[in-house]
Every structure is written in C-alpha cells, then in structure tokens.
**Student:** 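Right, I'll just put the structure down here and ask away after.
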Amino acid sequence: MEQLKQKIRSEGIVLSDKVLKVDAFLNHQIDPHLMQQIGHEFARRFRDAGITRIVTIEASGIAPAVMAGLELGVPVIFARKHQSLTLNDNLLTASVYSFTKQVESTIAISTQHLSSADRVLIIDDFLANGKAAQGLIEIIRKAGASIAGLGIVIEKSFQAGRRELENAGYRVESLARVQALRDGQVFFID
Ligand code: G4P
Ligand code: NA
Ligand code: NA
C-alpha cells in the first residue's frame, strides 16, 4: 500500500536493525485519515471472505481494526491483555510469549462475543515473530470460529511470523512488508 509506505519512509524512525518506531501515526499518535485508507484496503482484500467479526489485540491493533470493521460492516473485538473489573466470566484465554519483553502474558476474549458461527479476520499493527497472532488464533479456535486470514499493517518479513502462519495454512495480507532495516533506512519487499 503506497500511502503507507510513504508514511513509513517520511515519519518512521529506524531504532535498530530489528525495530521500527512508528509512534507518529500508529503506536502513539494516530493518523485517522491514513487509518481509514488502511481499513479500506483490508476491506478490499477480504470483501468476499465471508467475514462476520474482526479480532485484534489492544492497544495498537484497535485503530486499524475499527476502520476495517466500519468498511466491512462487522463488529470488532479486541483481546485484552490486562484483567478487568467487568470482564470476568467465561473467558477464552491464551498465553503469549513476547520476545521483545521476554515475558509470558495472558490474553483474553469473552465467549460472549465469539461463536462457532463466526468467520474471523484477525488484524494487528505489527507482525514480527507472530506470537500475538498465534495467541489470537488459539482463542478463536477455542470459540469454534473459523479464520479467514490475517490483515497486518506492517510486517517485518525478516522475522519468522509470516512464514510460520503461512506454514500453518493461514492467509496473511500485509499492507507494508519490510525486508530490512539498515543504516537508518527502511527497505520494502517490492
Ligand atoms: P511478536 O513478534 O511475537 O508479535 O511479539 P513481540 O514481543 O516481538 O512484540 C511485542 C510488541 O512489540 C507488540 O506490541 C508488537 O506489535 C510490537 N512490535 C514488534 N516489533 C515492532 C517494531 O519493529 N516496531 C514497533 N513499533 N512495534 C513492534 P504491544 O506490546 O502489544 O504494544 P501495543 O499493541 O500496545 O502497541
Ligand atoms: Na504494537
Ligand atoms: Na499489536
């Protein structure tokens, strides 16, 4: 997606050969117009996939997921990472290991919002090692729902996430595919 790649080139900051900072439009400040275009593009790619629900994970997946949900006309569920006063019964959970933080955490979705009749599109801001995505898949499968695929805003193709998801048979649609981060520059695939 060209507008997204331009935004990454102009406002992204290469923190290291592994980490791209995009706090200017995705992870802290949000660019609503770009997010709307992102939602439109996800909807275009998954329009005929029979989606009934979008599932993402708080916090940064929510903005692109909501825009896609608006375009597709379906509800958006975000998995919670923290315990909540009101979210307490009938939880579907998965354990997710973060390579960056080197901690294991639990993510949860209430059974209330997901059923075996659902066909789910998973959306997230980043795909790196894919552990968050795999946790979401585990929860969705526990609900008995089917998975149409994953929509990713920025994929770091040099990490294992995409390959593992594709090997498991999932469709992965990434709007920007980063081949490498080198000398302060972002190199994209195609
Ligand atoms: P993963 O590769 O298995 O998905 O997990 P990892 O532990 O690497 O990622 C943990 C967090 O860091 C996730 O956000 C993920 O989106 C984010 N992340 C991974 N690589 C990058 C990167 O190069 N740049 C940026 N900006 N983020 C990256 P999170 O902690 O869940 O935070 P949030 O959703 O609340 O923003
Ligand atoms: Na993130
Ligand atoms: Na995320």
Side-chain angles (χ1 to χ4, degrees), residues 1-46 54-71 76 78-82 95-105 107 121-137 149-168 170-190:
M1 185 182 163
E2 202 46 50
Q3 305 97 303
L4 174 61
K5 289 200 258 182
Q6 274 172 22
K7 191 77 166 181
I8 293 169
R9 282 194 198 98
S10 62
E11 296 187 27
I13 297 169
V14 176
L15 286 186
S16 70
D17 287 358
K18 293 257 172 67
V19 180
L20 173 66
K21 179 168 171 163
V22 288
D23 279 14
F25 60 93
L26 182 59
N27 288 141
H28 193 19
Q29 175 171 259
I30 291 172
D31 179 335
H33 182 64
L34 178 66
M35 231 31 81
Q36 187 177 42
Q37 293 175 313
I38 285 170
H40 184 83
E41 181 60 19
F42 282 137
R44 192 183 69 76
R45 296 190 191 199
F46 286 96
I54 291 174
V55 168
T56 186
I57 181 164
E58 64 175 335
S60 301
I62 296 175
V66 166
M67 291 302 183
L70 190 63
E71 288 273 342
V76 176
F78 62 96
R80 307 195 64 144
K81 293 176 183 163
H82 307 286
S95 184
V96 173
Y97 180 75
S98 168
F99 285 97
T100 26
K101 295 171 190 153
Q102 302 204 336
V103 291
E104 192 96 22
S105 63
I107 61 172
L121 168 60
I122 295 171
I123 285 188
D124 210 354
D125 58 334
F126 267 90
L127 177 60
N129 293 296
K131 298 303 171 200
Q134 285 166 14
L136 292 176
I137 288 171
L150 296 96
I152 302 296
V153 181
I154 303 175
E155 168 190 312
K156 292 190 291 180
S157 308
F158 54 87
Q159 292 181 284
R162 186 199 184 91
R163 189 173 59 246
E164 288 183 7
L165 290 167
E166 283 188 333
N167 286 346
Y170 295 104
R171 173 182 174 194
V172 180
E173 294 283 345
S174 303
L175 304 189
R177 302 185 65 195
V178 176
Q179 185 170 50
L181 300 168
R182 206 184 320 116
D183 305 325
Q185 275 189 287
V186 185
F187 297 87
F188 295 101
I189 291 178
D190 64 65

**Student:** According to side-chain contact (heavy atoms from CB on, under 4.5 Å), who are the partners of Ile62, at least two apart in sequence or on a separate chain?
**Tutor:**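 Once residues adjacent in sequence are excluded, the partners of Ile62 under the side-chain contact (heavy atoms from CB on, under 4.5 Å) criterion are Thr56, Glu58, Val66, Phe78.
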
**Student:** Who are the ring-ring contact (aromatic ring centres under 6.0 Å, His included) partners of Tyr97, not counting sequence neighbours?
**Tutor:** Phe99

**Student:** Once side-chain contact (heavy atoms from CB on, under 4.5 Å) is applied, do any residues pair with Gln185, and if so which ones, sequence neighbours excluded?
**Tutor:** Phe187

**Student:** Examine the side chains of Glu104 and Ser95 and answer whether a donor and an acceptor come within less than 3.5 Å of each other.
**Tutor:**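 Note: Glu104 and Ser95 side chains meet the donor-acceptor criterion.
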
**Student:** Under 3.5 Å, side-chain donor or acceptor atoms of residues 126-137 against the rest of the protein: list the pairs with distances, not counting sequence neighbours.
**Tutor:**
unit_1, atom_1, unit_2, atom_2, d
Gln134, NE2, Glu164, OE1, 3.1

**Student:** For Arg163, check side chain to side chain donor-acceptor pair (under 3.5 Å) against everything at least two apart and list the hits.
**Tutor:** none

**Student:** Checking Ser105 now: which residues fulfil side-chain contact (heavy atoms from CB on, under 4.5 Å) with it, not counting sequence neighbours?
**Tutor:** Val96

**Student:** Would Asp124 and Val153 satisfy side-chain contact (heavy atoms from CB on, under 4.5 Å), going step by step from the backbone distance to the final call?
**Tutor:** CA-CA 7 Å; Asp124 210 354; Val153 181; over 6 Å; no

**Student:** Tell me the salt bridge (charged side-chain N to carboxylate O under 4.0 Å, His left out) pairs involving residues 180-190, sequence neighbours left out?
**Tutor:** Lys5-Asp190

**Student:** For Arg80, give me all partners under side chain to side chain donor-acceptor pair (under 3.5 Å), at least two apart in sequence or on another chain.
**Tutor:** none

**Student:** By salt bridge (Lys or Arg N to Asp or Glu O under 4.0 Å), which residues pair with Glu71, not counting sequence neighbours?
**Tutor:** Arg47

**Student:** List the residues meeting side-chain contact (heavy atoms from CB on, under 4.5 Å) with Phe158, not counting sequence neighbours, and say none if there are none.
**Tutor:**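 Phe158 satisfies side-chain contact (heavy atoms from CB on, under 4.5 Å) with Lys18, Lys156, Val178, Leu181 only.
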
**Student:** Listing request: all salt bridge (charged side-chain N to carboxylate O under 4.0 Å, His left out) pairs with a residue in residues 29-39, at least two apart in sequence or in separate chains.
**Tutor:** Lys7-Asp31

**Student:** Apply side chain to side chain donor-acceptor pair (under 3.5 Å) to Thr100 and list each qualifying residue two or more places apart in sequence or on a separate chain.
**Tutor:** Ser98

